[in-house]
Structure formats: structure tokens, C-alpha cells
**Q** 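Dropping the structure in here first, questions after.
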Amino acid sequence: MRNVALWQAQYSPLTPAAIGRAATLALYDELSLAPKPGLVTLIDAGSHEDMDAHTFMRSLFSLRRYFAQIAEAGFGGADFAVLERCGIAAEARMLAATGGVNTHRGAIFMLGLLCAAAGAALREQGGALRPEALRDALRRHWGGALDRRSQRPSALPGGIAARRHGLRSASEEAALAFPVLFDTALPALKEALAQGLTPRQARLDTLFHIMAVLDDSNLAHRGGLAGLRWAQRAAQDFLDRGGVARPDGLRAAQAIADDFVRRRLSPGGAADTLAAVCWIQRVCPAS
């Protein structure tokens with residue numbers, strides 16, 4: 001990688017490899033968390049019949065170089081077309097590794113953009129990364145391109161569902177510099193940890209905060225608008241009753257997870273956002 005020597009000289013220990021490794025570990029943070037409503041974990045497949053933990057691990061292995069590559073592209077000042085080509089190639093490797101199963105398409109997009117933003121922020125500012133610097137870099141470097149991309153009709157199931165139901169799509173969320181991630185997920189995770197919850201408990205509580213507000217197009221695709229709204233209400237009710245911190249919090253979360261499986265619902269967009277906040281926690285440890 002042509003920029004690694006410069007990066008290491010100025011910004012060690014954060015390198016493209018370190019930022020990419022943090023992204024891969026964050027995806028594992030999400031996979032290993034349980035009980036999650038309708039999502040694949042290390043011990044069950046949730047609401048899915050075409051994937052399990054082994055599928056996810058093959059996908060993770062196929063993506064490990066992508067996140068470092070796109071971080072370096074951001075460090076080098078790449079335009080959005082370059083990032084998009086990186087993502088398309090990564091998606092092809094993911095599908096080859098999983099036999100055509102979409103395990104991480106949303107994460108390729110979301111975490112890829114964040115890794116690129118990390119590279120750009122470090123090039124410009126140096127020192128320790130902070131969440132606001134990531135968001136600012138995303139807006140300044142690719143905000144216009146992301147806004148134009150969000151206006152293109154999507155041929156993917158989630159994008160079609162978002163348009164049909166008048167929801168904010170994943171592309172629109174990116175064009176706004178990920179408000180659910182920065183304004184909901186990150187404060188929720190910080191608050192949960194400050195209250196003394198374990199990392200597992202804090203991540204699970206954060207997932208429910210995300211689910212309560214995100215226009216999750218995966219839920220809309222699987223369950224229509226009614227399914228999405230039911231899931232949002234279930235998440236908010238869980239939080240209103242005390243969330244994971246209450247004495248029976250994990251048991252209550254498991255009951256909701258079972259209900260999601262019965263309804264065949266899976267909040268894939270929330271899972272991507274959870275992985276993204278786990279990544280921020282790794283690359284911005286002082287935040």
C-alpha cells in the first residue's frame with residue numbers, strides 16, 4: 001500500500017490495517033452478541049434459513065482486506081467513484097465466499113464509508129480519532145456524491161421496500177452522515193457502559209435503541225410497514241421497561257428474539273449500525 005509508510009510515520013498506531021482489523025472485529029462483535037431479535041448469532045440462525053454463523057465467518061474472512069483498502073483510499077483523497085468500486089469488488093468476494101448469500105452488503109457500504117472517513121480524518125487532522133471528525137470527513141469529502149446516490153432508484157429489496165413505504169433508505173441515512181449511528185447508537189452505548197453494564201449488556205441495549213428509531217428496510221422488506229412498526233414498538237417497550245439493566249433483562253430480550261423468529265423478522269440494518277458503533281468504540285477509544 002503506497003501510503004502506509006507516510007501513515008505510520010505520522011499517525012501510528014492507526015494504520016489502514018488497524019482500521020480494517022477494527023471493522024472485521026466489530027462485525028464479529030455483532031455476530032457473537034446474543035440474544036439478538038431475528039439475527040444470526042454463534043448459536044442460532046435467527047429468522048434465516050440460508051445462513052448461519054459459518055456463513056458469516058466465511059464472509060468476514062473474505063472482507064478482511066477490503067476495509068483496510070478503503071481506509072487507505074480515504075487517506076489518499078479518493079473520490080466516491082473509487083470507494084464505490086472498492087465496495088462492488090468486496091461484495092463480489094463476499095458472494096463468492098458465501099455461495100451467493102448476502103451476509104454483509106449493508107456493512108460493506110456503511111463500515112466501508114466509515115473506514116474511508118477515518119483515513120481522510122487522520123490525513124487532515126492527525127492525532128486520535130474522534131467521532132465528530134469521522135462525521136465531518138464523511139460530509140465534506142463525499143456528502144454530495146452520497147446525496148446524489150440516495151436519489152437513484154434502488155434495485156435491491158431493502159431499497160425497494162424503503163421507497164414503497166416512504167422510509168429513509170440506507171443511502172439516505174448515509175447522505176445524512178448516519179444520524180442514527182451518531183445521535184442514537186453512540187450515546188446509548190456510552191450511557192450503558194457508564195451505568196456499569198458489561199460490554200455484552202451495553203451492546204444489546206444499544207441494539208434495542210437502534211431498532212426503536214431506525215427505518216430498517218430489512219424489516220420493511222420482510223414484514224412490510226406493519227412489521228417494521230411492530231418491531232420498533234417492541235424495542236421501545238423493552239427500553240421503557242428498563243432494558244437489559246432490569247433483573248430479567250436478558251430473559252426479556254430472549255422472549256423478543258423468539259417472537260421475531262416466529263414472525264420471520266430480522267433487523268439487518270440495525271445489526272449493521274450496531275457493528276458500526278462497535279467499530280467507533282475500537283478506533284475512537286477516548287470517545
Side-chain angles (χ1 to χ4, degrees), residues 30 37-40 46-51 59 70 79-81 83-92 94-95 98 100-114 116-117 135 138-139 141-185 207-236 260 263-277:
E30 186 280 319
L39 296 163
V40 173
S47 298
H48 299 272
E49 297 177 350
D50 59 343
M51 62 181 81
S59 180
I70 202 167
D79 61 24
F80 184 72
L83 305 188
E84 200 165 33
R85 287 196 294 273
C86 288
I88 290 169
E91 184 176 320
M94 172 198 74
L95 294 173
T98 62
V101 177
N102 169 26
T103 46
H104 288 119
R105 180 179 287 132
I108 288 170
F109 178 63
M110 186 175 191
L111 268 175
L113 283 172
L114 290 167
R135 202 173 188 186
L138 189 62
R139 287 189 178 113
H141 288 277
W142 307 292
L146 286 167
D147 184 61
R148 290 187 293 274
R149 184 186 188 278
S150 73
Q151 297 173 37
R152 300 196 314 238
S154 174
L156 298 174
I160 293 169
R163 187 168 65 251
R164 179 185 301 128
H165 298 296
L167 303 171
R168 192 160 71 195
S169 69
S171 291
E172 290 171 313
E173 189 77 9
L176 294 169
F178 300 118
V180 173
L181 169 63
F182 288 100
D183 299 336
T184 296
L207 176 62
F208 278 91
H209 275 88
I210 297 165
M211 288 166 52
V213 300
L214 182 68
D215 277 353
D216 196 318
S217 58
N218 204 45
L219 286 171
H221 168 62
R222 282 176 165 259
L225 189 60
L228 170 62
R229 298 305 183 214
W230 175 87
Q232 290 175 326
R233 288 193 300 271
Q236 189 60 57
F260 268 64
R263 295 169 182 262
R264 310 308 297 166
L265 294 174
S266 178
D272 295 334
T273 307
L274 176 65
V277 77

**Q** Could you walk me through whether Arg148 and Phe80 pass the side chain to side chain contact (heavy atoms under 4.5 Å, CB included) test, one step at a time?
**A** CA-CA 11 Å; Arg148 290 187 293 274; Phe80 184 72; over 6 Å; no
**Q** Let me confirm one number: the OG-CZ distance from Ser217 to Arg163, rounded to the nearest 0.5 Å.
**A**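 The distance works out to 11.5 Å.
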**Q** Say you draw a straight line from CZ of Arg139 to NE2 of His141; how long is it, rounded to the nearest 0.5 Å?
**A**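 Going from CZ on Arg139 over to NE2 on His141, the span is 13.0 Å.
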**Q** Just wondering, do Leu219 and Leu214 contact through their side chains at under 4.5 Å, heavy atoms?
**A**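 Not in contact.
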**Q** Looking at every non-hydrogen atom in both residues, tell me the closest pair between Val277 and Leu181 and how far apart they are.
**A**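 Smallest heavy-atom distance, with atoms named: N-CD1, 3.6 Å.
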**Q** Any carboxylate oxygen within less than 4.0 angstrom of a Lys/Arg side-chain nitrogen, looking at Glu84 and Arg152?
**A** yes
**Q** Drop me the distance from Arg85's CZ to Ile70's CD1, to the nearest 0.5 angstrom.
**A**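 Answer rounded to 0.5 Å: 11.0 Å.
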**Q** Considering non-hydrogen atoms only, spot the tightest contact between Val101 and Asp50 and give its length.
**A** CG2-O, 3.5 Å
**Q** Side-chain donor-acceptor contacts of residues 171-178 below 3.5 Å, not counting sequence neighbours, with atom names and distances?
**A**
residue, atom, partner, partner atom, Å
Ser171, OG, Arg149, NH1, 2.5
Glu172, OE1, Ser169, N, 2.8
Glu172, OE1, Ser169, OG, 3.4
Glu173, OE1, Arg168, NE, 2.8
Glu173, OE1, Arg168, NH2, 3.0
Glu173, OE2, Val180, N, 2.9

**Q** How close do Ala276 and Met110 get, counting heavy atoms only, and between which atoms?
**A**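 Nearest pair, atom of Ala276 first, then Met110: CB-CE, 3.9 Å.
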**Q** To the nearest 0.5 angstrom, please state how far the NE2 atom of His221 sits from the CG atom of Leu265.
**A** 11.5 Å
**Q** Of all heavy-atom pairs between Met211 and Pro37, which one has the smallest distance, and what is that distance?
**A**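 Shortest heavy-atom separation between Met211 and Pro37 comes out as CE-CG, 4.0 Å.
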**Q** Verify, without hydrogens or angle tests, whether Asn218 (side chain) and Ser266 (backbone) share a donor-acceptor contact under 3.5 angstrom.
**A**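 At least one qualifying donor-acceptor pair exists.
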**Q** For Ala116 and Leu83, which heavy atoms make the closest approach, and how far apart are they?
**A** CB-CD1, 3.9 Å
**Q** When rounded to the nearest 0.5 angstrom, what is the spacing between CG in Leu146 and CD in Gln151?
**A**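 Interatomic distance, Leu146 CG to Gln151 CD, rounded to 0.5 Å: 11.5 Å.
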**Q** Less than 4.5 Å apart, side chain to side chain, heavy atoms only: is that true for Thr273 and Thr184?
**A**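 Side chain of Thr273 against side chain of Thr184, heavy atoms only: no contact under 4.5 Å found.
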**Q** Just so I know, are the side chains of Asn102 and Leu156 near enough to count as touching, which here means a heavy-atom distance under 4.5 Å?
**A**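 A side-chain contact is absent here, since even the closest heavy-atom pair is not under 4.5 Å.
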**Q** Applying side chain to side chain contact (heavy atoms under 4.5 Å, CB included) to Ile108 and Met94, what does each step give before you reach the verdict?
**A** CA-CA 9 Å; Ile108 288 170; Met94 172 198 74; 3.9 Å; yes
**Q** Can you list every pair that meets salt bridge (Lys or Arg N to Asp or Glu O under 4.0 Å) and has a residue in residues 213-231, with sequence neighbours left out?
**A** Asp215-Arg229
**Q** Please report the closest heavy-atom contact between Trp142 and Asp79, naming both atoms and the distance.
**A**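 Scanning both residues, the minimum pair turns out to be NE1-C, 3.9 Å.
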**Q** If you measure from OG1 on Thr98 to NE2 on His104, what distance do you get to the nearest 0.5 Å?
**A**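 Between atom OG1 of Thr98 and atom NE2 of His104 there are 10.0 Å.
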